[in-house]
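Below, chains carry the letters A, B, ... as their sequence lines are ordered, and counting in each starts from 1.
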Amino acid sequence: MKKLLLATALLALTGGTAIAQQTVRLGTEGGYPPYNFLNDAGEVDGFERELGDELCARANLTCEWVTNEWDSIIPNLVSGNYDAIMAGMSITPARDEVIDFSDPYTQPDPSAYAAPTGADVDIENAVIAAQTGTIQASEVASMPGATLVEFATPEETVAAVRNGEADAVIADKAFLVPIVEDDGDLAFVGDDVLLGGGIGVGLRESDDALQEQFNAAIQSMKDDGTLNELIAKWLPDSAQF
Amino acid sequence: MSCLQTIADYGLRSIGIGERLLPRSDFTLCQQVTLIGSGMIWNVYFGVVALCAGFFLATLLALGRTARPAILRKPAEWFVFLFRGSPLFIQFFFAYFAFLALKGRYAFFDPFTSAWAGALLVLFCNTAAYSGEIFYGALRSIPRGDLEAAEAYGLTGWKKFRRITFPTMLRLAWPAYINEAIFLFHATTLVFLSGFPAWQQRGDALYYAKYFADKTFNPFVPYPILAGFFILLTLCVIGIMGAMNRRLNRHLPQERRQALRLRPNFLR
Amino acid sequence: MFACTDPASLTGLHWLACYLTTGKHVAFYASFGTVLALLAITAPLALAFGFGGAIAARSRIAPLAWFGRFYIAIVRGVPDIAFFLFFVIALDQGIEWLRHKVKCPDWDMPVRQGSDFVVCAQAKLPLGTDPQWMHEIYGFALAVLTFAIVFGAFSANVLYGAMRAVPRAQMETAEAYGMTRRQAFRRILVPQMWVYALPGLSNLWMVLIKATPLLFLLGVEDIVYWARELGGSKTPNFTDYPHPDWRVWYFLALLVFYLIFTKVSEAVLDRLMRRLTHGQAVSGATMP
């Protein structure tokens with residue numbers, strides 16, 4: 001079960017006084033490989049799972065993973081149903097107004113277009129599928145010639161290109177790479193576009209202590225190179241630190 | 001930007017008229033009310049067209065279910081069972097899937113992968129099945145005496161149906177039919193939520209409410225606005241269909257009218 | 001027993017057997033239980049809410065009557081989807097706010113800090129230190145309560161109509177026998193109204209069954225959630241069982257589940273109706 005109730009935010013406010021390990025609930029979507037997805041056993045897996053577990057170990061936190069629909073992932077954070085979001089969420093100014101982010105744990109990841117192999121797609125004037133409410137959807141909406149088609153899940157955006165409803169799909173490149181590699185029918189088209197900043201841990205604005213803990217843990221992983229190892233493992237085409 | 005300007009820009013946004021870009025920052029209450037209201041155009045369109053068209057199919061289904069020959073009765077029974085027995089959510093999924101497959105083969109199906117035709121067809125079948133069941137219940141509870149009296153007057157066949165059976169059926173079914181209409185309008189919010197993709201950010205009221213909830217990260221403003229619009233819509237539906245109800249029952253003496261309105265006819 | 005250690009080398013039925021018994025599939029099967037449990041708890045609760053609402057709407061005390069009518073009219077007027085999308089968070093925050101007021105009277109920080117909703121740790125429900133299953137139960141309970149409030153309004157409407165449909169003469173006779181208003185209500189009105197209410201209530205039950213796919217909006221991982229998750233195409237990098245888009249098969253399974261469930265419900269309700277109308281000359285007896 002996904003959302004709902006957590007706690008501990010306030011333990012975090014009282015700072016490091018608590019000696020007992022603090023429980024932190026991490027919210028994720030579970031549908032955006034390689035960042036986060038459910039493995040065959042039904043558990044959260046992926047880049048962020050491994051990264052999050054390591055960060056928690058370094059910050060001496062007990063972490064629990066919960067999955068939540070992408071649409072309501074921020075309202076449930078600010079409402080206190082979990083304490084942090086690790087869901088491939090790019091740091092954008094609009095999001096930053098409502099929640100806080102830790103330092104980024106990936107370099108800004110480009111978005112890319114994928115289209116049927118061999119199709120001559122003019123991105124500027126094409127029908128482009130994107131997931132509702134993503135920065136990619138906003139990007140396409142503001143392109144004067146392109147037609148935006150929005151789907152509820154990332155899965156459906158790719159399906160739309162396969163079945164011809166859309167000429168191309170736009171999503172984070174790291175999400176599209178394994179799909180394009182596996183499926184000879186799809187290929188990247190056009191240039192990559194850089195949208196948003198890197199991906200960071202989303203936190204409540206009132207949760208400064210937790211933010212510091214995550215920042216310190218991320219910094220230590222950057223320093224000893226373990227973060228780069230994880231990026232190389234899960235996001236082979238992404239830039240490292 | 002004044003509120004009037006906002007209404008001019010976004011009042012018809014849901015059907016593609018006005019500003020191309022949706023507001024992206026500094027969201028005002030006026031923008032939210034205007035765009036969500038603009039989306040209501042789709043909810044009203046789906047509801048009204050499906051209800052009116054569904055009415056005729058529902059009558060046929062009800063008659064089919066009372067027909068003696070199995071060749072008429074069975075298809076009607078199966079149609080009603082299939083559409084009443086499965087969630088609309090799943091019907092949308094299958095319809096979209098089927099239309100996509102058909103589209104590749106027959107050009108005729110091109111429009112059906114868009115919500116305006118595809119979702120409308122599903123809603124039409126759905127409401128026809130539910131209303132058909134209501135009408136069938138009403139047909140079976142027409143007092144025998146009424147029909148015998150009609151026969152005594154020499155009315156038969158089509159004439160008997162048009163003058164006696166059909167109006168009586170409507171009269172008996174109407175209170176439940178009002179409920180069905182309300183449910184149908186509410187069900188229109190499901191179209192863009194799960195079934196069909198939104199093109200060029202043209203969606204229904206729920207689509208825009210979600211857009212604002214998504215951008216402002218605050219669900220407590222757009223959804224209550226949406227709820228307000230729907231309460232108004234529901235009141236209109238009850239008002240209009242209540243007036244029809246009074247017209248259907250206008251020949252009855254006052255106290256019987258009262259009694260009929262209270263029939264336990266809450267079938268959906 | 002099958003060995004599922006190297007799925008890539010498996011073929012045919014053996015592969016399928018392994019595939020259908022992954023942890024994810026077990027979660028999918030379990031979610032059918034979640035849906036049935038939700039229905040089993042929600043139905044009586046909604047009926048209770050409906051009963052309360054109907055009595056309130058009939059009340060002679062004006063504010064109570066207004067409240068009852070307001071509840072019926074407003075909740076019926078709003079699409080359940082719109083209600084689900086914000087009501088659960090509101091309900092959750094409301095409960096925590098109340099607990100916060102009771103448990104932490106000395107709290108000096110505002111509960112709303114910008115967009116954050118912050119209550120003291122003791123007021124959190126369940127407590128942050130509680131295990132995950134407590135959170136799941138709580139989430140499930142919120143979903144049940146939300147469903148019950150929505151469907152309570154509809155059943156209040158049905159019961160309200162049914163109470164008024166009981167023939168006046170019955171109540172007059174009760175009064176003639178010297179029963180008080182309360183006695184007449186308990187002994188005459190309530191037992192008699194069920195037969196009038198049953199067609200409406202059974203219809204509502206059908207609608208309730210068909211509203212369960214919306215559970216995922218309430219944050220409960222229901223059968224639709226898992227069908228989508230399992231059915232989506234899988235690339236070999238992230239699973240041992242790669243497959244193309246199989247959503248249609250999973251949704252077909254859901255369709256069959258709902259059709260069977262509807263059929264069984266219809267049969268049971270038909271029998272109930274026949275028993276209730278046994279020996280009674282009411283129009284309800286002819287209703288399907």
Side-chain angles (χ1 to χ4, degrees), chain B residues 43 81-82 84-91 93-94 97 130 133-134 136-138 140-141 143 172 175-176 179 182-183 185-190 193-194 205-206 209-210 213 216-224 226-228 230-235 238 259 261-268, chain C residues 73-74 76-83 85-87 89-90 93 115 154 157-158 161-162 164-165 167 193 195-204 206-207 209-214 217 224 227-228 247-248 251-252 254-256 258-263 265-266 282-288:
Chain B
N43 297 98
F81 175 61
L82 192 65
R84 279 185 86 228
S86 60
L88 189 56
F89 189 92
I90 290 177
Q91 291 168 20
F93 174 84
F94 277 108
F97 190 85
Y130 276 102
E133 184 70 19
I134 295 170
Y136 171 65
R140 295 213 317 177
S141 45
L172 296 178
N179 262 354
I182 296 173
F183 273 115
F185 277 99
H186 290 181
T188 57
T189 50
L190 208 57
L193 183 74
S194 74
L206 184 69
K210 268 176 86 81
T216 61
F217 306 105
N218 179 2
F220 297 122
V221 177
Y223 293 128
L226 175 73
F230 264 94
I231 289 171
L232 281 182
L233 181 63
T234 307
L235 288 178
I238 293 177
R261 199 142 46 91
L262 302 176
R263 285 177 62 85
N265 242 338
F266 291 91
L267 267 181
R268 182 189 159 191
Chain C
I74 295 296
R76 275 182 79 221
V78 180
D80 42 8
I81 302 171
F83 206 74
L85 280 171
F86 74 95
F87 188 74
I89 295 184
Q93 293 191 353
S115 51
F154 285 100
N157 191 43
V158 171
R164 293 177 62 176
M193 74 177 187
V195 67
Y196 296 96
L198 197 66
L201 289 180
S202 45
N203 197 52
L204 213 50
M206 299 292 180
V207 178
I209 296 174
K210 263 141 265 159
T212 50
L214 299 179
L217 290 180
V224 172
R228 270 195 192 172
R247 279 178 303 167
V248 71
F251 276 86
L252 202 60
L254 297 193
L255 181 71
V256 171
Y258 278 109
L259 287 178
I260 292 176
F261 198 27
T262 305
K263 197 84 203 162
S265 298
E266 266 178 0
V282 290
S283 54
T286 61
M287 298 294 291

Engaged part of B/I231 at the chain C interface, taking heavy atoms whose separation is under 4.5 Å: both
Max heavy-atom pair count under 4.5 Å with chain C, selected residue of B/T234, B/N218, B/L88: B/T234
Nearest heavy atoms of C/K210 and B/Y130, plus distance in Å: CD-OH, 3.6 Å
Heavy-atom closest pair, residues B/P224 and B/P219: CD-O, 3.7 Å
Structural part of B/F94 lying under 4.5 Å from a heavy atom of chain C: side chain
Residue pair B/L172 / B/R140, side-chain heavy-atom distance below 4.5 Å: no
Contacting region of B/L233 [heavy-atom separation from chain C under 4.5 Å]: neither
Engaged part of B/L193 at the chain C interface, taking heavy atoms whose separation is under 4.5 Å: side chain
Between C/L204, C/T262, C/T212, the one whose heavy-atom pairs under 4.5 Å with chain B are most numerous: C/T262
Listed partners of B/Y223 passing ring-ring contact (aromatic ring centres under 6.0 Å, His included), at least two apart: none
Interface residue of largest heavy-atom contact number with chain B, from C/I260, C/L259, C/L254, under 4.5 Å: C/L259
Atom of C/A211, atom of C/D80 and distance for their closest heavy-atom approach: CB-OD2, 4.4 Å
Part of B/P143 within contact of chain C (heavy atom distance under 4.5 Å): neither
Ring geometry between B/H186 and B/F230 (parallel below 30°, tilted from 30 to 60°, perpendicular above 60°): perpendicular
Among C/L214, C/V256, C/L252, residue most engaged with chain B (heavy-atom pairs, under 4.5 Å): C/L252
ring-ring contact (aromatic ring centres under 6.0 Å, His included) involving C/F86 - partner list, sequence neighbours excluded: none
Atom of C/R247, atom of C/R228 and distance for their closest heavy-atom approach: CG-O, 4.2 Å
Contact class of C/F154 relative to chain B, heavy atoms under 4.5 angstrom: side chain
Chain C interface, residue from B/F81, B/F217, B/F185 that has the most non-hydrogen pairs under 4.5 Å: B/F81
